[in-house]
Participant: 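Once you've had a glance at the structure underneath, I'll fire off some questions.
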Amino acid sequence: MYMKYIFKPSKIHRVNFIIYISTVSFTAALVVLFRSFLLELAPERQASVALSLVQLSVFLATTVAFLGWFGIKQSRKISTEYEENLRRLQAAEKQTNELEMALNAHAIVAITDSRGVITQVNDKFCTISPYSREELIGQTHNVINSGYHPKGFFKDLWHTITRSEVWSGDVCNRAKDGSLYWVQSTIVPLIGKNGKPEQYIAIRADITSRKEAEAKTQYMALHDALTGLPNRRLMTDRLISAISSKGRHPGYGAVLLMDLDHFKEINDMLGHGIGDDLLVQTTLRLSCNVRRTDTVARFGGDEFVIILDNVGSDIDSAITNTANMGEVIRTAVAEPYQLGSQQLTVTSSMGVVLFCRVDDDPEELIKQADIALYAAKEAGRNQLFFFDPLLQAETIERALLVRDLRQALEQDELVLFYQPIVDAQQHIRAVEALLRWFHPKHGMVLPGKFIPLAERNGLIVPIGKWVLETACAQLAEWQQDPEREALVIAVNISARQLSKTNFVDTVKSVLAQTGARADRLMLEITESIFQDNVNSTITKMDALRQEGVRFSLDDFGTGYSSLTYLKRLPIDHLKIDKSFVDDIFEDSSDIAIVHTIIALAKNLEIDIIAEGVETCEQMEWLQGNGCKFFQGYLFSHPLHPDKLNAILENTTLLPTKELRSSCD
Ligand SMILES: Nc1nc2c(ncn2[C@@H]2O[C@@H]3COP(=O)(O)O[C@H]4[C@@H](O)[C@H](n5cnc6c(=O)[nH]c(N)nc65)O[C@@H]4COP(=O)(O)O[C@H]3[C@H]2O)c(=O)[nH]1
């Protein structure tokens with residue numbers, strides 16, 4: 001196409017050559033012609049004509065010379081221009097080839113006619129699709145339509161390119177083997193003579209891996225890494241849409257907040273690997289026991305949120321259906337788990353709240369479900385509680401109490417009271433350390449109100465350590481006085497404290513720091529301690545017993561049956577719970593239990609302490625049946641340390657003369 005703008009140099013040389021030859025021939029012909037012309041002239045005219053001819057010849061020769069010089073100059077100029085153009089052309093061709101190669105190496109290219117029928121594709125298109133060229137040409141792009149995009153997407157695309165505008169966007173296509181791939185596509189219309197697009201060139205880049213990475217990042221931002229369940233963020237989104245759907249589909253939905261009972265202990269005792277395994281297995285059970293439209297999400301730790309869509313059109317059916325679904329979940333979770341080499345049974349507690357209004361607040365619903373869950377836990381776990389507005393006030397009160405309890409230690413608001421434990425002669429042989437909290441606003445708070453709260457949030461560990469330090473400091477003081485040095489202090493130890501791996505070291509270091517004798521310290525544990533990891537508990541007890549520390553088992557017979565463990569337990573005393581003592585004259589089965597406990601203790605050579613003795617009759621009956629030690633209001637209420645020390649100043653005999661005489 002460039003040929004019309006330039007001459008070929010060979011042609012120019014040929015023209016110049018012809019001009020030269022013609023000029024020389026023409027001059028030679030003139031000379032011959034002039035010569036014959038001169039010869040025919042009269043001799044006297046020959047000189048003047050010859051001069052004129054010479055002048056003409058000089059003029060002609062000059063003209064020819066000038067023409068020749070000009071011709072050469074022009075031809076050189078044309079030749080230089082030609083070479084320059086040729087060089088440019090070759091560079092342009094090279095660049096075009098390189099661009100084409102680069103385009104083919106990186107882009108998927110297709111050319112279609114104005115109807116979208118494919119007329120050309122490059123190799124890349126065939127590789128990615130992977131259809132052959134023959135299979136593609138003559139087809140429209142429908143052949144790779146993935147169905148991923150809504151119809152409007154391609155409508156917009158066509159609308160843009162038929163208006164002769166360039167369209168760009170990300171498109172998901174389906175390959176011949178059915179897999180999906182993503183391309184970043186630019187479609188350029190080629191405008192024909194009529195001013196309308198007559199072809200389209202689609203240039204695309206494969207962005208499948210980028211899209212996959214984006215999808216993975218998005219998945220990770222919205223899902224829990226361990227279980228793969230929707231996380232708190234996605235759960236909130238789902239809850240928002242479930243609430244807003246109530247405008248279109250009236251009726252009730254439910255939010256169920258579930259957690260595993262004693263998960264923390266399992267994690268602490270069996271390790272985080274087992275804990276994780278338990279969460280994954282729980283996830284499977286939850287997912288298998290909800291409907292496809294429901295959402296199971298991990299809220300954090302061992303807490304799961306289940307959004308139950310459409311649980312009923314009226315409140316009664318919603319409550320019944322939700323309770324049934326909750327029961328299915330609770331039962332599924334309670335099936336034994338195989339965790340590594342061990343089998344474990346874990347129960348769950350659930351708090352439920354129903355919603356039916358489009359303006360329900362998702363955060364508030366979760367808070368209410370949490371309040372209901374808290375209530376389910378308080379009521380003994382392994383059950384489902386519906387949210388009740390009355391619960392809310394109680395929960396707020398408890399939350400405030402926990403806030404204050406955190407400061408109670410620092411603010412010196414805790415005091416250790418002591419309740420005497422006497423022998424049959426009412427000599428004080430030991431005292432039980434019982435915690436009292438003097439709240440600046442509420443006055444004295446009993447442990448029944450704050451110990452369970454402290455257990456729940458772990459505050460019992462620092463509080464328990466303070467109790468141990470205070471009791472041991474008291475022991476060390478009594479050790480200086482021969483009258484009181486034989487006294488023993490019983491300290492309540494919670495399961496949470498005992499589960500700590502450093503429990504033995506903590507007790508030993510408190511004994512060392514205070515200088516208290518180990519054999520004057522009695523640790524009171526309850527049967528609940530044996531729910532988990534009995535072997536580790538026994539090992540810790542053995543280690544402390546070797547130091548001289550004694551153990552008593554509190555609330556015996558009220559909770560988990562530890563009869564099987566009783567034989568293995570390194571305990572020195574068994575405490576008969578107040579509830580049995582209360583009923584020894586009322587309930588024949590309680591009498592039988594007390595008889596059995598006493599007989600059991602005798603066999604195992606363990607001393608019995610009867611707790612909650614309030615009457616002389618109770619004491620006489622217990623004494624008559626082999627009980628040696630007694631604790632209860634009959635002898636003394638728990639006493640402030642000053643009061644106790646005042647009593648113990650002179651004697652360890654309780655100064656309750658009236659009591660003794662009334663019992664005599
Ligand atoms: N009605 C009646 N009650 C009697 C009688 N004799 C004793 N009691 C009460 O029965 C409870 C005996 O303590 P517990 O079984 O160890 O039960 C304790 C113990 O489990 C826990 N507790 C108290 N102090 C501590 C502590 O320092 N650490 C831990 N972990 N728990 C503690 O709180 C529970 C309740 O303690 P308190 O309220 O002091 O209640 C005490 C005591 O005041 C009686 O004759 N009649």
Side-chain angles (χ1 to χ4, degrees), residues 405 408-409 413-422 426 428 430-439 443-475 488-500 503 506-507 510 521-529 551-559 571 573-584 608-619 621-622 627 629-641 643-644 654 656 659 663:
L405 188 56
L409 260 183
E413 291 166 10
L414 298 179
V415 178
L416 211 49
F417 273 43
Y418 298 98
Q419 185 177 29
I421 296 171
V422 300
Q426 290 161 41
I428 303 174
V431 291
E432 180 180 358
L434 293 162
L435 201 51
R436 299 291 180 263
W437 176 15
F438 287 89
H439 190 283
M444 192 174 79
V445 186
L446 286 173
K449 196 152 185 196
F450 67 88
I451 290 281
L453 294 180
E455 298 243 17
R456 207 171 131 90
N457 57 39
L459 276 174
I460 193 67
V461 177
I463 289 178
K465 188 163 179 244
W466 178 87
V467 169
L468 201 61
E469 285 164 350
T470 310
C472 286
Q474 181 65 82
L475 277 177
V488 167
I489 297 185
V491 171
N492 286 284
I493 298 294
S494 87
R496 199 136 182 196
Q497 275 174 281
L498 194 54
S499 72
K500 292 278 160 207
F503 178 70
T506 304
V507 176
V510 170
L521 177 65
M522 180 151 73
L523 300 184
E524 268 194 24
I525 55 171
T526 58
E527 288 175 296
S528 63
I529 269 168
F551 282 91
S552 73
L553 189 58
D554 203 1
D555 304 342
F556 186 72
T558 56
I571 53 167
H573 294 87
L574 245 184
K575 275 190 142 178
I576 299 179
D577 190 67
K578 178 179 176 305
S579 58
F580 298 120
V581 175
D582 279 348
D583 289 348
I584 43 176
I608 294 272
I609 302 172
E611 198 174 53
V613 182
E614 290 183 347
T615 64
C616 295
E617 290 75 28
Q618 286 169 342
M619 182 188 165
W621 188 94
L622 289 161
C627 193
F629 301 103
F630 312 89
Q631 178 184 354
Y633 292 173
L634 178 67
F635 314 101
S636 169
H637 279 74
L639 301 168
H640 188 279
K643 199 159 179 198
L644 176 69
L654 273 179
T656 44
L659 167 96
C663 284

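Atoms within each ligand, like the ligands themselves, are counted from 1 in listed order.
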Participant: Taking heavy atoms and a distance under 4.0 Å, where does D554 meet ligand 1: side chain, backbone, both or neither?
Facilitator: side chain
Participant: Among N492, L435, L446, L459, which one satisfies side-chain contact (heavy atoms from CB on, under 4.5 Å) with I451?
Facilitator: L435
Participant: What part of L434, side chain, backbone, both or neither, has a heavy atom within less than 4.0 angstrom of ligand 1?
Facilitator: both
Participant: For ligand 1, does K575 get within less than 4.0 Å through its side chain, its backbone, both, or neither, judged by non-hydrogen atoms?
Facilitator: neither
Participant: Enumerate the atoms of ligand 1 whose separation from the nearest heavy atom of G632 is less than 4.0 angstrom.
Facilitator: 6 (N), 45 (O)
Participant: Does any non-hydrogen side-chain atom of V581 lie less than 4.5 Å from one of E611?
Facilitator: no
Participant: So is R436 close enough to ligand 1, meaning a heavy atom under 4.0 angstrom away?
Facilitator: yes
Participant: Return a yes/no value: protein heavy atom under 4.0 Å from atom 1 (N) of ligand 1?
Facilitator: yes
Participant: Quick one: which ligand 1 atoms are inside 4.0 Å of a heavy atom on P638?
Facilitator: 43 (O)
Participant: Contact between ligand 1 and G448 is defined here as a heavy atom of the residue under 4.0 Å from a ligand atom; is it met?
Facilitator: no
Participant: So, 4.0 Å and heavy atoms of E432: is ligand 1 close enough to count as a contact?
Facilitator: yes
Participant: Looking only at heavy atoms of E611, does any of them come nearer than 4.0 Å to an atom of ligand 1?
Facilitator: yes
Participant: For atom 37 (P) of ligand 1, which candidate among P447, S552, G464 holds the nearest heavy atom?
Facilitator: P447
Participant: Flag Q631 as yes when one of its N or O atoms lies below 3.5 Å from any N or O atom of ligand 1, and as no otherwise.
Facilitator: no
Participant: Heavy-atom contacts with G612 under 4.0 Å: which atoms of ligand 1 show up? List them by number with element.
Facilitator: 5 (C), 6 (N), 44 (C), 45 (O)
Participant: Over 60° means perpendicular and under 30° means parallel, so classify the ring planes of F630 and F635, tilted if in between.
Facilitator: tilted
Participant: Determine whether any heavy atom of L634 lies closer than 4.0 Å to an atom of ligand 1.
Facilitator: no
Participant: Looking at side-chain heavy atoms only, is the closest gap between L523 and F503 below 4.5 Å?
Facilitator: yes
Participant: For the 3.5 Å polar cut-off, considering only N or O atoms, please tell me whether I451 and ligand 1 meet it.
Facilitator: no
Participant: Output the list of atoms in ligand 1 that are nearer than 4.0 Å to some heavy atom of Q419, sorted by atom number.
Facilitator: 6 (N), 7 (C), 42 (C)
Participant: Looking at K575 and E432, is there a salt bridge between them, counting it only when a charged N and a carboxylate O are closer than 4.0 Å?
Facilitator: yes
Participant: Verify, without hydrogens or angle tests, whether R496 (side chain) and E455 (backbone) share a donor-acceptor contact under 3.5 angstrom.
Facilitator: yes
Participant: Determine whether any protein heavy atom is located less than 4.0 Å from atom 16 (O) of ligand 1.
Facilitator: yes
Participant: Looking only at distance, does Y633 have an N or O less than 3.5 Å from an N or O of ligand 1?
Facilitator: yes
Participant: Does ligand 1 have an atom that lies less than 4.0 angstrom from a heavy atom of K578?
Facilitator: yes
Participant: Does atom 11 (C) of ligand 1 have a protein non-hydrogen atom under 4.0 Å from it?
Facilitator: no
